[in-house]
Amino acid sequence: MTKVRTRFAPSPTGYMHIGNLRTALYAYLLTKSMGGDFILRIEDTDQERYVEGATDVIYNTLRETGLLWDEGPDIGGNYGPYVQSDRKGLYKEYAEKLVEQGKAYYCFCDKERLEKVRHDCEVQKIPPKYDRHCLNLSKEEIQAKIDAGEPYVIRQNMPQSGTTSFEDAVFGTITVENITLDDQVLLKSDGMPTYNFANVVDDHLMAITHVIRGNEYLSSTPKYNLLYEAFGWEIPQYIHCSPVMRDHTHKLSKRDGDASYEDFIKKGYLKEAVLNYIALLGWSPQGEQEKFTLEQLVEAFSVTGISKSPAIFDEAKLAWLNGEYLRELTPEQFYEKALPFIEQAVKNPALDKMKISALLQKRTEKLSDIPEQIDFFDKVPQYSNELYVHKKMKTNEENSKTSLIALKELLSNQEDWTVDGIHDSVMALVEQLGIKNGQMLYPLRVAVSGKAFTPGGGIELAEILGKEETLKRIDEAISKL
RNA sequence: GGCUCAUUGGUCAAGUGGUUAAGACUCCGCCCUCUCACGGCGGCAUCAGGGGUUCGAAUCCCCUAUGAGUCACCA
């Protein structure tokens with residue numbers, strides 16, 4: 001049995017779209033689940049779109065997420081080079097082979113003529129198709145034009161009758177009428193192949209066994225099969241994936257500003273969560289497990305779980321999953337990730353950020369939510385005394401004031417400024433006064449934070465703020481009431 | 001417009017002729033609790049519509065609707 005080989009073949013746009021990353025993930029999972037190799041190939045045949053540093057984005061994202069490739073531009077392999085522009089010379093040879101067989105032909109039509117042809121089609125309301133104007137040029141005519149230095153392309157000569165079918169692992173058998181196929185350009189006038197040609201040549205030369213890609217290629221796949229057949233090459237297994245959507249009618253796109261892997265990391269999502277979530281978008285495992293490490297995904301993955309219909313990206317679920325990952329971190333690990341976000345809101349160096357971090361861990365879904373939760377540590381925000389009115393706590397402005405006055409008295413004599421120490425003293429006071437816990441603790445929270453809900457309870461906040469600051473805040477609160 | 005494809009709750013989805021149509025997220029309620037969150041328990045809500053085939057259809061067939069992809073010297 002031949003070794004399974006899949007490839008991820010992005011074009012360097014400087015940006016890792018979440019849908020692209022999912023395709024890479026599936027390709028990786030498929031091949032690793034069958035003990036195969038994962039190949040990275042850069043498709044840069046459109047030099048007009050070349051972006052400096054774009055390949056680094058691809059390398060970094062793949063490396064960060066653990067989708068390590070076995071062969072690629074940077075590490076080489078037995079089937080290189082792995083950058084299409086470095087393979088330029090080789091496509092022409094194959095295109096010419098096709099011309100010899102009559103499966104392709106030279107075309108000298110310029111842009112103006114092609115536009116006119118297209119325009120005419122539109123007017124007649126028929127699907128735009130090249131009119132095969134150059135199909136029957138004689139050898140002499142062709143040679144004369146080439147000698148004269150006329151630019152040319154090589155087009156695929158599509159059969160004009162019959163049908164072409166192919167098998168897709170997720171969509172099943174798809175059949176099209178050959179007559180609907182356009183004579184697509186294989187080799188551009190600059191000598192570069194089109195994607196349509198390069199992907200076939202390269203997939204064959206690189207011994208790719210399974211082609212995983214977006215389903216925007218579904219409708220051109222018959223053309224690729226015709227190419228494979230013309231060359232007598234073995235056709236790979238096709239696995240086309242439906243797109244990741246923003247909503248029912250729109251794909252998740254760059255313009256939405258949150259379609260790239262980078263965007264999500266910036267927002268404070270963990271790479272494990274992003275990867276785990278996108279794995280589940282359009283694929284479902286056998287059992288009921290939803291949380292997977294990359295290794296577990298490799299174990300669980302199967303193409304039969306890939307769904308045909310487009311999936312809408314649901315950030316709420318990503319956030320939930322991210323929260324799950326955050327909660328299972330050790331306090332130290334969480335602290336390390338949370339610190340930059342804590343520091344956005346807390347500048348006071350006297351405050352113990354590790355303690356703040358501990359309060360946040362169970363209350364954070366994405367790290368970027370942190371600053372807003374703790375914006376009261378440096379300075380109590382403006383708040384209305386109505387905050388003291390809490391039905392369930394049975395508090396109002398009056399009894400809150402009474403509680404705070406008693407609390408002030410108590411805490412100014414408090415020696416042991418630890419959560420336990422404060423807790424014991426306060427509880428003793430509560431008992432002595434014969435009130436509910438909440439009637440003492442809720443006013444404390446408000447006085448100390450200016451908020452109705454906070455990460456941690458009033459006592460925990462007081463401990464972090466320190467005795468002096470706590471008393472100061474209680475004082476201010478009393479005078480406000 | 002032609003061609004290709006898709007359609008199970010708000011979202012991701014299981015399901016392949018006989019099920020009370022899983023599960024997760026969201027939302028709501030209760031419990032826990034000094035708030036919020038976590039955790040626990042419970043709840044709302046789905047087979048796009050219409051025809052067939054069949055004893056029986058979410059599952060098979062046809063039509064309709066809606067949506068997507070494609071129709072470049074982009075990938």
Side-chain angles (χ1 to χ4, degrees), chain A residues 9-11 13 43-46 48-49 107 109-111 114 118 121-122 125-130 151-155 168 171-172 174-177 179-182 184-190 192-196 198-199 213-222 240 242-243 245 247-251 277 280-290 305 307-321 323 327 359-365 373 390 392-393 423 426-427 430 436-446 449 451-460:
Chain A
S11 55
T13 58
E43 309 222 328
D44 61 345
T45 54
D46 185 3
E48 283 177 27
R49 282 219 257 169
C107 168
C109 294
D110 57 24
K111 275 213 155 71
L114 292 176
R118 213 166 304 156
C121 287
E122 267 174 45
K125 292 195 173 155
I126 57 171
K129 249 180 91 180
Y130 177 61
Y152 65 88
V153 301
I154 293 179
R155 286 182 183 274
D168 182 89
F171 288 94
I174 292 176
T175 302
V176 298
E177 299 281 338
I179 193 71
T180 64
L181 271 16
D182 194 18
Q184 64 178 350
V185 171
L186 265 19
L187 206 69
K188 303 189 237 183
S189 54
D190 65 0
M192 280 287 197
T194 57
Y195 166 85
N196 295 318
N199 94 83
R213 52 159 70 129
N215 76 355
E216 64 266 29
Y217 297 108
L218 211 46
S219 54
S220 18
T221 301
H240 287 93
S242 283
M245 308 292 283
D247 56 44
H248 285 285
T249 54
H250 305 276
K251 277 213 247 189
Y277 178 67
L280 262 22
L281 249 196
W283 169 77
S284 78
Q286 282 297 309
E288 285 184 1
Q289 183 180 350
E290 284 202 295
S307 62
K308 296 183 196 183
S309 34
I312 298 174
F313 192 97
D314 181 13
E315 198 170 336
K317 181 139 186 182
L318 202 214
W320 166 77
L321 195 58
R327 268 169 247 130
L359 296 182
L360 288 166
Q361 188 163 4
K362 282 194 162 60
R363 298 171 169 87
T364 304
E365 284 205 320
Q373 292 191 77
H390 194 294
K392 201 176 146 204
M393 296 296 107
H423 183 267
V426 172
M427 285 315 182
V430 165
K436 287 178 59 91
N437 293 352
Q439 287 176 304
M440 181 63 74
L441 295 165
Y442 184 73
L444 172 60
R445 174 203 332 286
V446 176
S449 71
K451 290 190 156 192
F453 37 81
T454 55
I459 292 170
E460 288 164 305

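Letters A, B, ... mirror the listed sequences (proteins, then strands); counts begin at 1. Note that the structure is a prediction, hence the values are computed from the model and not measured.
Among the heavy atoms of the strands, none lies under 4.0 Å from Tyr277(A). Nucleic acid contact class of Leu280(A) (heavy atoms, under 4.0 Å, all strands): sugar-phosphate only. Asn199(A) comes within 4.0 angstrom of nothing in the nucleic acid, heavy atoms only. Val185(A) comes within contact range of the sugar-phosphate backbone alone, with a heavy-atom separation under 4.0 Å but no base atom that close. Within 4.0 Å (heavy atoms only), Ser307(A) reaches sugar-phosphate atoms of the nucleic acid but no base atom. Note on Thr45(A): only backbone sugar-phosphate atoms sit closer than 4.0 angstrom, heavy atoms only; bases stay farther off. Nucleic acid contact for Cys121(A): none, since no nucleic acid atom lies under 4.0 Å from a heavy atom of the residue. Looking at heavy-atom distances under 4.0 Å, Gly287(A) makes no contact with the nucleic acid at all. Among the atoms of the strands shown, none is found under 4.0 Å from any heavy atom of Met192(A). Using a 4.0 Å heavy-atom distance criterion, Lys392(A) is classed as a base contact. If you check every strand for non-hydrogen atoms under 4.0 Å, Ser220(A) touches nothing. Looking at heavy-atom distances under 4.0 Å, Arg155(A) makes contact with sugar-phosphate atoms alone, never a base.
Taking the side chain of Pro127(A) as heavy atoms from C-beta on, and the options G1(B), U26(B), U8(B), the nearest nucleotide is G1(B). When the nucleotides U70(B), U26(B), U35(B) are ranked by their closest atom to the side chain of Phe453(A), U35(B) comes out on top. With A68(B), G69(B), G23(B) as the candidates, the nucleotide lying closest to the side chain of Glu216(A) is G69(B). Counting only heavy atoms from C-beta on, Ser11(A) has its side chain closest to A75(B) among C3(B), A75(B), C73(B). Considering only the side chain of Asp182(A), C71(B) comes nearest among C71(B), C74(B), A6(B). Closest to the Lys317(A) side chain, of the nucleotides U26(B), A75(B), C12(B), is C12(B). When distances are taken from the side chain of Thr454(A) to each of A6(B), U26(B), U35(B), the shortest belongs to U35(B). Of the candidate nucleotides U11(B), G67(B), U8(B), U11(B) has the atom nearest to the side chain of Asp314(A). Ranking U26(B), A22(B), C74(B) by closeness to the Asp46(A) side chain, first place goes to C74(B). In this structure, of C3(B), A75(B), G1(B), it is A75(B) that holds the atom nearest to the side chain of Tyr195(A).
When rounded to the nearest whole Å, the span between CH2 of Trp320(A) and P of C38(B) equals 12 Å. Rounded to whole Å, atom P of C12(B) lies 13 Å from atom CD of Glu290(A). When rounded to the nearest whole Å, the span between CG of Leu187(A) and P of C73(B) equals 13 Å. The nearest whole Å value for the distance from the CD1 atom in Ile312(A) to the P atom in C25(B) is 19 Å. Between His423(A) atom NE2 and C34(B) atom P the separation is 7 Å, expressed in whole Å. Distance Leu114(A) CG to C71(B) P: 15 Å, rounded to the nearest Å. One interatomic measurement links the two molecules: CD of Glu288(A) to C1' of G15(B), which rounds to 13 Å at whole-angstrom precision. Between the CD atom of Gln286(A) and the P atom of A22(B) there is a distance of 18 Å, rounded to whole Å.
The base of C73(B) does not come close enough to the side chain of Thr194(A) for any donor and acceptor atom to sit less than 3.5 Å apart. Donor-acceptor pairing under 3.5 Å, judged by distance alone, is absent between the side chain of Lys251(A) and the base of A68(B). Counting distance only, with no hydrogens placed and no angle test, the side-chain atoms of Arg363(A) and the base atoms of C36(B) include a donor-acceptor pair under 3.5 Å.
Pairing each heavy atom of Phe171(A) with each of His240(A), the nearest pair is CE1-O, 3.3 Å. Scanning both residues, Leu114(A) and Arg155(A), for their nearest heavy atoms gives CD2-NH2, 3.4 Å. The minimum heavy-atom distance between Gly456(A) and Arg445(A), with the atom names listed, is O-NH1, 3.3 Å. Considering all non-hydrogen atoms of both residues, Val153(A) and Ser189(A) come closest at CG1-N, 3.7 Å. Heavy-atom minimum distance, Gly282(A) versus Ala311(A): N-CB, 4.2 Å. Shown here for Leu359(A) and Arg363(A), the closest heavy-atom pair between the two residues is O-NH1, 2.7 Å.
Remark: Gln286(A) CD is loosely packed, at most 12 non-hydrogen atoms of other residues, nucleotides or ligands lying under 6.0 Å away. By the 6.0 Å contact criterion, NZ on Lys436(A) is open, its count of non-hydrogen atoms from other residues, nucleotides or ligands being 12 or less.
Base pairing of A58(B): no nucleotide in any strand meets the Watson-Crick or G-U wobble criterion (both distances under 3.5 Å). Shown here, A45(B) forms no base pair; nothing in the strands shown gives a Watson-Crick or G-U wobble contact with both key distances under 3.5 Å. Here U16(B) sits opposite no nucleotide as a Watson-Crick or G-U wobble pair (both hydrogen-bonding atom distances under 3.5 Å). Base pairing of A24(B) is made with U11(B), judged by Watson-Crick or G-U wobble geometry with both donor-acceptor distances under 3.5 Å. Remark: C74(B) base-pairs with no nucleotide in the shown strands. Criterion, Watson-Crick or G-U wobble with two distances under 3.5 Å. Judged by Watson-Crick or G-U wobble contacts below 3.5 Å, the nucleotide U4(B) has A68(B) as its partner. Across the strands present, G39(B) finds its partner in C31(B); the criterion is a Watson-Crick or G-U wobble pair with both atom distances under 3.5 angstrom.
When the side-chain nitrogen and oxygen atoms of Lys188(A) are compared with OP1 and OP2 of C74(B), one or more of them lie within a distance under 4.0 Å. Applying the 4.0 Å criterion to OP1 and OP2 of A37(B), one finds that Arg327(A) has every side-chain N and O outside that range. Between His248(A) and G10(B) there is no side-chain N or O to OP1 or OP2 distance below 4.0 Å. Note on Lys308(A): a side-chain N or O is less than 4.0 Å away from OP1 or OP2 of A6(B).
Using atom C1' as the reference point in both U59(B) and G52(B), the two lie 15 Å apart (nearest Å). Comparing A45(B) with U20(B), their C1' atoms are spaced 16 Å from each other, to the whole Å. Comparing U11(B) with C27(B), their P atoms are spaced 15 Å from each other, to the whole Å. U66(B) and G18(B) are spaced 33 Å apart, taking the P atom of each and rounding to whole Å.
The nearest heavy atom of RNA chain B to Glu460(A) and to Asp44(A) marks one nucleotide each, and the one closer to the 5' end goes with Glu460(A). Toward the 5′ end of RNA chain B lies the nearest nucleotide of Leu318(A), the other residue of the pair Leu318(A) and Tyr442(A) mapping further downstream.
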* To do: Go through the steps for Met393(A) and Gln439(A) under the test side chain to side chain contact (heavy atoms under 4.5 Å, CB included), then give the verdict.
  => CA-CA 6 Å; Met393(A) 296 296 107; Gln439(A) 287 176 304; 5.8 Å; no

* Start with the C-alpha distance between Phe313(A) and Leu318(A), add both sets of side-chain angles, then the distance that settles side chain to side chain contact (heavy atoms under 4.5 Å, CB included), and finish with yes or no. => CA-CA 9 Å; Phe313(A) 192 97; Leu318(A) 202 214; 4.1 Å; yes

